[in-house]
Amino acid sequence: MLFIHVIDNGATLIIQNLMPRHLQWWITFGASFAHYWIALPIMGILASLLYLMNYKIAMWWLITTQVLAMILVSIISFVLKIHWIDGFKLGPAIPNLLLLWWLQIFAICEVVIVPRLISDQRVRLFMTVCAVMLWMAMLVACIQKYNIPLSSGLGSLFFGYFWWQFSEEQYRKRANHWRRVLEIDTLI
């Protein structure tokens with residue numbers, strides 16, 4: 001635990017005080033996306049786009065997995081960050097829910113949406129690099145402006161990757177079943 005605190009405090013010190021001035025534009029750009037009121041409408045647009053592309057079960061799966069991720073993050077944060085110094089207090093969320101949701105948004109865009117709309121491999125690679133850079137800019141912006149620990153951001157990355165792989169595996173196993181149960185004609 002001490003090692004994690006040292007890394008969190010060191011990263012906070014470097015990002016808040018020692019970042020070069022020419023990188024501040026990228027951090028500000030990332031901070032403009034690092035809000036729940038931006039992520040939630042984009043998730044709604046993404047769900048609508050999945051519905052319009054005839055991925056109706058995938059749309060509901062997206063909504064369900066995002067709500068379940070929110071519940072799991074709340075439980076994990078409660079277990080890991082509860083302490084009784086000067087009364088009951090709950091520390092910052094670990095993993096950070098906002099970064100987790102953005103990771104899921106980018107993953108769905110890169111795996112489902114972009115391959116259906118763009119066929120050129122170089123353009124797809126460029127979009128993937130842009131998504132990774134934007135997520136990293138949001139991570140640095142959250143550390144710099146909202147004082148989240150680096151461990152929370154890295155927890156979002158690792159938990160988000162696990163959650164994406166787990167939910168994708170469950171979707172592939174159960175999508176045909178739900179298509180038969182709901183009796184809808186949809187793509188899987």
Side-chain angles (χ1 to χ4, degrees), residues 11 15 19 23-74 76-77 92-146 148-172 175 187-188:
I15 290 172
M19 289 295 286
L23 292 178
Q24 287 303 320
W25 185 86
W26 293 104
I27 295 169
T28 304
F29 182 70
S32 65
F33 288 94
H35 299 285
Y36 287 101
W37 56 271
I38 300 270
L40 287 172
I42 288 180
M43 273 195 279
I45 291 168
L46 188 59
S48 301
L49 189 59
L50 287 172
Y51 184 84
L52 292 173
M53 292 173 66
N54 199 23
Y55 286 97
K56 295 172 185 146
I57 294 174
M59 176 202 66
W60 286 109
W61 197 263
L62 166 70
I63 294 168
T64 303
T65 56
Q66 296 303 343
V67 170
L68 287 174
M70 181 177 64
I71 293 168
L72 280 173
V73 165
S74 300
I76 292 169
S77 296
I94 182 166
N96 185 280
L97 180 63
L98 180 66
L99 293 173
L100 175 69
W101 277 352
W102 273 109
L103 186 72
Q104 298 294 315
I105 289 169
F106 290 143
I108 288 172
C109 287
E110 292 299 319
V111 172
V112 178
I113 306 290
V114 171
R116 306 294 186 281
L117 299 177
I118 300 169
S119 60
D120 188 15
Q121 288 286 9
R122 289 177 296 193
V123 174
R124 281 200 246 168
L125 179 64
F126 176 74
M127 292 185 73
T128 302
V129 168
C130 287
V132 168
M133 296 300 288
L134 180 58
W135 191 87
M136 289 175 58
M138 283 189 284
L139 171 64
V140 172
C142 286
I143 292 171
Q144 187 180 61
K145 296 184 187 288
Y146 306 121
I148 72 159
L150 177 65
S151 60
S152 180
L154 293 178
S156 298
L157 177 66
F158 296 130
F159 181 73
Y161 180 74
F162 158 76
W163 188 250
W164 167 254
Q165 293 296 321
F166 177 74
S167 63
E168 183 182 21
E169 178 184 340
Q170 296 305 313
Y171 174 76
R172 292 192 188 281
L187 298 172
I188 301 280

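Just the heavy atoms: all of them, side chains too, but no hydrogens, waters or symmetry mates, feed the values below. Counting from 1, the numbers follow the sequence of the chain as shown.
Here Phe29 pairs with Trp25, Phe33 under the ring-ring contact (aromatic ring centres under 6.0 Å, His included) rule; sequence neighbours left out.
Annotation for Gly30 and Ala141: closest pair C-CB, 4.1 Å, computed over non-hydrogen atoms. Here the closest non-hydrogen pair linking Leu46 and Cys109 is CD1-SG, 3.9 Å. Of all heavy-atom pairs between Pro95 and Ile76, the closest is CD-CG2, 4.1 Å. Residues Gly153 and Leu139 share a closest heavy-atom pair of CA-CD1, 3.4 Å. Considering all non-hydrogen atoms of both residues, Arg116 and Val111 come closest at NH1-O, 4.0 Å.
Under a 3.5 Å cut-off, the side chain of Trp135 and the backbone N or O of Leu99 do form a donor-acceptor pair. Side chain of Arg124 to main chain of Ile118: a donor-acceptor pair is present (N/O by atom type, distance under 3.5 Å, no hydrogens or angles).
Here Met43 contributes atom CE and Trp102 contributes atom CH2; the two are 9.0 Å apart, rounded to the nearest 0.5 Å. Atom-to-atom distance recorded for Met138:CE and Lys145:NZ is 14.5 Å, nearest 0.5 angstrom. Of the inter-residue distances, the one linking Trp26 atom CH2 with Leu134 atom CG reads 9.5 Å to the nearest 0.5 angstrom. Distance check: Asp120 CG to Met127 CE gives 11.5 Å after rounding to the nearest 0.5 Å. Leu150 contributes atom CG, which lies 6.5 Å from atom CD1 of Ile15 (distance to the nearest 0.5 angstrom). Taken to the nearest 0.5 Å, the CD1 atom of Ile42 stands 6.0 Å off from the CD1 atom of Ile105.
Between Asn96 and Val73, every side-chain heavy-atom pair lies at or beyond the 4.5 Å cut-off. Between Trp164 and Ile108, the closest side-chain pair of non-hydrogen atoms falls below 4.5 Å. Residues Leu103 and Phe159 fail the side-chain proximity criterion, which asks for heavy atoms closer than 4.5 Å.
Around the OH atom of Tyr171, the shell of radius 6.0 Å holds more than 12 heavy atoms that belong to other residues, nucleotides or ligands. The local environment of CE in Met53 is crowded, with over 12 non-hydrogen atoms from other residues, nucleotides or ligands closer than 6.0 Å.
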Quiz: residues 59-70 side-chain donor-acceptor pairs under 3.5 angstrom, not counting sequence neighbours:
| residue | atom | partner | partner atom | Å |
| --- | --- | --- | --- | --- |
| Trp61 | NE1 | Ser167 | O | 3.1 |
| Thr64 | OG1 | Trp60 | O | 2.8 |
| Thr65 | OG1 | Trp61 | O | 3.0 |
| Thr65 | OG1 | Leu62 | O | 3.0 |
| Gln66 | OE1 | Trp101 | NE1 | 3.2 |

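The aromatic rings of Phe166 and Trp163 lie tilted to each other, with the angle between the two planes from 30° to 60°.
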